[in-house]
Amino acid sequence: MVMRLGCLLFATTLLTPPPSCPVAGMTPFRRISGPHICGDALDIDPNTHDILTGSWSYSDTLQVWDFASGKLLSTFQPTLQCKVYAACWLRPGVAIVGGTQAHLTVVVDTKANKELGGMKDLEHSVYGLDYHQRSNTIAVAAGNKLYSSVVLGSTLQALHSRDH
């Protein structure tokens with residue numbers, strides 16, 4: 001799987017040489033190998049430009065990369081076994097992650113390397129999530145349910161569920 005972001009190339013499995021970047025005929029300026037990205041598990045912090053990757057793997061589940069150098073800054077492994085399908089930044093150093101196997105969504109402090117809270121033992125796997133900064137609200141898609149929650153400090157509050 002190869003994901004292109006501008007001219008930054010993430011290569012998780014390459015059987016052939018990397019393709020050219022379609023933007024203005026340029027070639028990728030950086031290649032980061034390692035993350036097994038499935039779903040929406042790639043995000044760039046708009047302030048720090050740190051790259052967040054979530055892997056569909058039991059090891060190196062959540063990683064933070066330096067955009068400028070492509071170097072790995074940190075790796076986080078949730079306490080429960082989880083293969084990540086979705087990940088996004090809430091603010092610099094704090095991300096929300098969701099996935100399969102353990103059917104969970106967890107808020108993670110990537111700098112302190114600890115879980116801050118979350119929703120565990122959901123009925124279905126989490127395949128999508130997003131954060132709306134103005135309303136400070138998280139939306140989580142798990143099976144036929146859509147969960148929404150307000151982030152207060154470092155914890156999730158006011159959890160609501162809706163069947164679809």
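Only a predicted model underlies this, so the values are computations on that prediction, with no experimental measurement involved. These values consider heavy atoms only, across backbone and side chains, with no hydrogens, waters or symmetry-generated copies.
- Annotation: side chain of Leu62 is in contact with side chain of Val108 (closest heavy-atom distance under 4.5 Å).
- Once rounded to the nearest 0.5 Å, the distance linking OG1 of Thr53 with CG of Leu72 reads 8.0 Å.
- Qualifying side chain to side chain donor-acceptor pair (under 3.5 Å) partners for Thr75, counting only residues two or more places apart in sequence or in other chains: Gln63.
- A heavy-atom distance below 4.5 Å is not found between the side chains of Ser55 and Val84.
- In this structure, CG on Asp50 lies 10.0 Å from CD1 on Ile44, to the nearest 0.5 angstrom.
- Partners of Ser69 under the side-chain contact (heavy atoms from CB on, under 4.5 Å) rule, at least two apart in sequence or in another chain, are Asp66, Lys71.
- Closest of all the heavy-atom pairs between His49 and Phe67 is O-CB, 2.9 Å.
- Residue Trp89 qualifies as enclosed at atom CH2: its count of foreign heavy atoms under 6.0 Å is above 12.
- Annotation: side chain of Val94 is not in contact with side chain of Thr110 (no heavy-atom distance under 4.5 Å).
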Would Cys82 and Thr100 satisfy side chain to side chain contact (heavy atoms under 4.5 Å, CB included), going step by step from the backbone distance to the final call? CA-CA 6 Å; Cys82 174; Thr100 65; over 6 Å; no

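- Partners of Ser125 according to the side chain to side chain donor-acceptor pair (under 3.5 Å) rule, which considers only residues two or more places apart in sequence or in another chain, are His103.
- Annotation: the span from Arg91 atom CZ to Asp109 atom CG amounts to 8.5 Å, rounded to 0.5 Å.
- Nearest heavy-atom pair across Gly128 and Ala86 is CA-CB, 3.9 Å.
- Checked by atom type and distance alone, the side chain of Ser57 pairs as donor or acceptor with a backbone atom of Ser59 at under 3.5 Å.
- In terms of heavy-atom proximity, Pro92 sits nearest to Asn47 at CG-ND2, 3.9 Å.
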Step-by-step side chain to side chain contact (heavy atoms under 4.5 Å, CB included) determination, Ile96 to Thr105: CA-CA 7 Å; Ile96 185 163; Thr105 297; 3.3 Å; yes

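- Across Ala142 and Val126, no two heavy atoms sit closer than the pair CB-CG2, 4.1 Å.
- Summarising the geometry, atom OG belonging to Ser149 is positioned 11.0 Å from atom OH belonging to Tyr131; distances are rounded to the nearest 0.5 Å.
- Taken from CG in Leu52 to CG in Leu73, the straight-line distance is 11.0 Å, to the nearest 0.5 Å.
- Remark: Ala139 pairs with Leu146 by the side-chain contact (heavy atoms from CB on, under 4.5 Å) rule, at least two apart or across chains.
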Val107/Glu115 under side chain to side chain contact (heavy atoms under 4.5 Å, CB included): CA gap, chis, key distance, verdict: CA-CA 6 Å; Val107 176; Glu115 293 179 19; over 6 Å; no

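- The minimum heavy-atom distance linking Trp56 with Lys83 is given by the pair CD1-CB, 3.4 Å.
- If you take CG on Leu104 and CG on Leu122, they are separated by 7.5 Å, rounding to the nearest 0.5 Å.
- Residues that satisfy the ring pair (Phe, Tyr, Trp, His ring centres under 6.0 Å) test with Tyr127, not counting sequence neighbours, are Tyr85.
- Judged as a side-chain contact (heavy atoms from CB on, under 4.5 Å), and not counting sequence neighbours, the contacts of His132 are Arg134, Ser135.
- Open room surrounds CD on Gln133; 12 or fewer heavy atoms of other groups in view lie less than 6.0 Å from it.
- Residues Ser148 and Ile138 are not in side-chain contact: their nearest non-hydrogen atoms beyond the backbone lie 4.5 Å or more apart.
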